[in-house]
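The structure under discussion appears below in the form of structure tokens.
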Amino acid sequence: MPGAVLFICGMNSIRSPIAETLARSLLPPRVYVASAGVEKGEPDPFVDAVLEELGLKRISTHPRTFEELEDDYFDLIITLSPKAHHMALELTRTTSVQVEYWPTPDPTLVRGRRDQIMEAYRDVRDNLKHHIQERFG
């Protein structure tokens with residue numbers, strides 16, 4: 001079990017905040033968990049809605065970039081988008097940090113009714129939860 005895990009996606013608005021919140025609820029309290037984005041995005045209300053369905057609340061309400069993190073040492077960095085994976089590999093090429101890529105679709109690409117959009121966000125949430133349970137279970 002790593003001591004510190006970072007989830008990175010494109011803008012720290014959807015995928016990485018969901019992963020951070022789920023990991024904090026599923027992993028032992030001794031594991032430090034954070035999230036960041038390649039760029040800084042805006043909070044997404046659908047994230048709050050799908051987390052509330054599980055009785056969870058987003059840890060950080062303000063998206064942040066890797067440079068804005070208080071601590072930049074992690075045992076494991078999990079990237080959720082191609083852009084994030086490329087950035088993580090660049091940042092860690094001279095360190096011994098383990099980087100894993102979990103391709104996760106962007107639910108904002110789904111168009112349609114609110115229930116269709118919510119379903120796309122639920123799929124992201126449920127897939128991330130499954131990955132976390134499989135990886136750290």
Side-chain angles (χ1 to χ4, degrees):
M1 182 73 64
V5 178
L6 174 65
F7 293 94
I8 302 178
C9 69
M11 295 193 294
N12 195 224
S13 296
I14 300 167
R15 295 168 283 189
S16 58
I18 290 173
E20 176 186 13
T21 303
L22 291 169
R24 286 190 183 201
S25 74
L26 296 167
L27 300 180
R30 71 179 185 281
V31 178
Y32 176 75
V33 179
S35 69
V38 175
E39 300 170 25
K40 192 171 188 172
E42 294 294 323
D44 186 311
F46 287 107
V47 169
D48 297 318
V50 297
L51 289 173
E52 283 176 15
E53 290 177 345
L54 298 181
L56 300 173
K57 189 171 181 161
R58 185 190 330 214
I59 304 302
S60 175
T61 56
H62 301 291
R64 60 186 174 243
T65 63
F66 183 80
E67 292 80 22
E68 294 173 308
L69 292 173
E70 293 175 20
D71 188 1
D72 64 355
Y73 177 77
F74 295 92
D75 301 307
L76 175 61
I77 296 175
I78 298 172
T79 61
L80 306 172
S81 71
K83 194 173 189 179
H85 190 66
H86 178 73
M87 183 189 89
L89 292 176
E90 282 298 311
L91 290 171
T92 61
R93 65 187 150 98
T94 60
T95 62
S96 63
V97 177
Q98 182 179 357
V99 178
E100 293 181 12
Y101 179 42
W102 297 357
T104 305
D106 181 353
T108 64
L109 300 177
V110 172
R111 300 287 180 244
R113 298 181 318 272
R114 185 180 194 284
D115 62 320
Q116 292 170 310
I117 294 168
M118 281 291 290
E119 195 56 40
Y121 279 72
R122 285 183 191 110
D123 286 345
V124 167
R125 177 200 64 199
D126 295 345
N127 285 330
L128 287 170
K129 183 177 180 182
H130 175 76
H131 277 300
I132 292 165
Q133 289 172 323
E134 287 290 311
R135 171 62 173 83
F136 302 104

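From Met1, atom CE reaches atom CZ of Arg135 across 8.5 Å, with rounding to the nearest 0.5 Å. The CG atom of Leu27 sits 11.5 Å away from the CD atom of Glu20 when rounded to the nearest 0.5 Å. A distance of 10.5 Å separates CG of Asn127 from CD1 of Ile18, quoted to the nearest 0.5 Å. Atom OG1 of Thr21 and atom NZ of Lys57 lie 11.0 Å apart (nearest 0.5 Å). The distance from atom CZ of Phe66 to atom CG of Leu91, rounded to the nearest 0.5 Å, is 5.0 Å. How far CG of Leu22 is from CG of Leu51: 6.0 Å, rounded to the nearest 0.5 Å.
Annotation: side chain to side chain donor-acceptor pair (under 3.5 Å) contacts of Tyr73 (sequence neighbours excluded): Asp75. Asp48 meets the salt bridge (charged side-chain N to carboxylate O under 4.0 Å, His left out) test with Arg58; sequence neighbours excluded. Scanning for side chain to side chain donor-acceptor pair (under 3.5 Å) contacts around Glu119 gives Arg122, with sequence neighbours left out. Checked against side chain to side chain donor-acceptor pair (under 3.5 Å), Asp44 has the following partners two or more places apart in sequence or in another chain: Tyr121.
Of the possible donor and acceptor atoms, none in the side chain of Arg15 sits under 3.5 Å from a partner among the backbone N and O of Cys9. Between the side chain of Glu68 and the backbone N or O of Thr65 there is at least one donor-acceptor pair closer than 3.5 Å. Judged by distance alone, with hydrogens and angles left aside, the side-chain atoms of Thr104 form a donor-acceptor pair with the main-chain N or O of Trp102 at under 3.5 Å. With hydrogens and angles disregarded, no donor-acceptor distance shorter than 3.5 Å links the side chain of Arg111 to the backbone of Gln116.
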Subject >> Derivation of the side chain to side chain contact (heavy atoms under 4.5 Å, CB included) call for Leu128 and Phe7 >> reply: CA-CA 11 Å; Leu128 287 170; Phe7 293 94; 5.8 Å; no
**OP:** Check the pair His131, Ile78 against side chain to side chain contact (heavy atoms under 4.5 Å, CB included), reporting the backbone distance first and the verdict last.
**Re:** CA-CA 11 Å; His131 277 300; Ile78 298 172; over 6 Å; no
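With hydrophobic clusters built from ILVMFWY side chains whose heavy atoms lie under 4.5 angstrom apart, Val33 does not share a cluster with Ile77. Under a hydrophobic-cluster definition in which Ile, Leu, Val, Met, Phe, Trp and Tyr are linked whenever side-chain heavy atoms come within less than 4.5 Å, directly or via other members, Leu6 and Leu76 are assigned to different clusters. In the hydrophobic clustering of ILVMFWY residues, with side-chain heavy atoms under 4.5 Å counting as a link, Leu26 and Phe74 come out apart. Met11 and Ile59 end up in different hydrophobic clusters when Ile, Leu, Val, Met, Phe, Trp and Tyr side chains are linked at under 4.5 Å. Ile8 and Val124 fall into different hydrophobic clusters, where Ile, Leu, Val, Met, Phe, Trp and Tyr are joined by side-chain heavy atoms under 4.5 Å apart, directly or via other members.
For the residue pair Pro45 and Pro43, the shortest heavy atom distance occurs at CD-O, 3.8 Å. Here the shortest heavy-atom pairing between Tyr101 and Leu80 reads CE1-C, 4.2 Å. The two residues Asn12 and Gly37 come nearest to each other via the heavy atoms CB-N, 3.4 Å. Minimum heavy-atom separation, Ser13 to Pro63: OG-CG, 4.2 Å. Looking at every heavy atom in both residues, Ser16 comes nearest to Ala36 through OG-O, 3.3 Å. Among all heavy-atom pairs drawn from Ser35 and Arg64, the shortest one is O-NE, 3.0 Å.
Ionic pairing of Glu53 and Lys129 is not present here: no N-O contact between side-chain nitrogen and carboxylate oxygen is shorter than 4.0 angstrom.
Connectivity analysis of hydrophobic side chains (ILVMFWY, heavy atoms under 4.5 Å, direct or indirect) links Leu109 to nothing; its cluster partners are none.
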Side-chain donor/acceptor pairs under 3.5 Å, residues 83-90, sequence neighbours excluded:
{"from": "Lys83", "atom 1": "NZ", "to": "Glu39", "atom 2": "OE2", "distance (Å)": "2.4"}
{"from": "His85", "atom 1": "ND1", "to": "Thr79", "atom 2": "OG1", "distance (Å)": "2.8"}
{"from": "Glu90", "atom 1": "OE1", "to": "Arg93", "atom 2": "NE", "distance (Å)": "3.3"}

